[in-house]
Amino acid sequence: MISAPVTAESRITFHALVMRPDDDDPETIVVGRPELREFIELPALYGEAIRLLGEGLPVTAAEEGIAAEHLVEVDIAELVDALAELGFVASVNGRELPDPAGDGLHGPGGKTPWPGVRIPSGS
């Protein structure tokens with residue numbers, strides 16, 4: 001669990017992330033933070049959630065947008081908690097979260113291993 005609770009009205013800021021379609025499964029995307037060399041596979045629908053949150057929408061608005069377009073419900077607060085554990089979330093409601101890139105174990109970001117959509121840092 002992250003140190004800042006995620007609520008329906010929470011606004012999320014991400015560190016610089018990259019997203020790309022999975023090579024083997026069109027329903028899956030790869031999301032990662034190159035400077036941490038941390039990448040995960042997620043359902044493509046969660047990529048849309050990350051994009052909407054990255055545009056500044058609160059959690060509820062992102063959930064409602066996905067529900068209206070795809071006729072499914074997603075638990076974005078749970079997604080944010082999982083992404084925060086990986087060091088992908090910079091802040092929740094303006095409250096900065098611990099950044100594993102600043103722990104001395106990770107060097108500065110290198111080149112991303114593949115081209116993708118970049119989600120700019122909120123900084």
With a 4.5 Å heavy-atom cut-off, do D22 and E41 have their side chains touching?
yes

Would you compute the distance between atom CZ of R20 and atom CZ of F39 and round it to the nearest 0.5 angstrom?
9.0 Å

Rounded to the nearest 0.5 Å, how far does CG of L97 lie from NE2 of H15?
7.0 Å

Side chains of L83 and F14 in contact at under 4.5 Å (non-hydrogen atoms)
yes

So which atom in P98 and which in P100 form the shortest heavy-atom distance, rounded to 0.1 Å?
O-CD, 3.6 Å

Looking only at heavy atoms, which two atoms of P43 and I29 are closest? And how far apart?
O-CG1, 4.1 Å

Distance-minimising heavy-atom pair for I76 and E63
N-OE2, 3.0 Å

What distance do I66 atom CD1 and Y46 atom OH have between them, rounded to the nearest 0.5 Å?
9.0 Å

CD of E85 to CD of E38: how many Å apart, nearest 0.5 Å?
11.5 Å

E55 and L52, any side-chain heavy atoms less than 4.5 Å apart:
yes

T13 side chain reached by L53 side chain, heavy atoms, under 4.5 Å
no

With no hydrogens and no angle check, is any side-chain donor or acceptor of D25 less than 3.5 Å from a backbone partner on E27?
yes

Between P26 and A44 the two heavy atoms that sit nearest each other are O-CB, 4.5 Å

Is the closest side-chain heavy-atom distance between E9 and T60 below 4.5 Å?
yes

Heavy atoms, side chains only, cut-off 4.5 Å: are I50 and V31 in contact?
yes

Say you draw a straight line from CD1 of I40 to OG1 of T28; how long is it, rounded to the nearest 0.5 Å?
11.5 Å

Would a 4.5 Å heavy-atom cut-off, applied to side chains only, mark R33 and D99 as touching?
yes

Could you check if a side-chain atom of S91 sits within less than 4.5 angstrom of a side-chain atom of I12, using non-hydrogen atoms only?
no

On a heavy-atom basis, which atom in L36 and which in G87 lie closest, and how many Å separate them?
CD1-O, 4.0 Å

Do you know the tightest heavy-atom contact between H70 and L45?
CD2-CD1, 3.3 Å

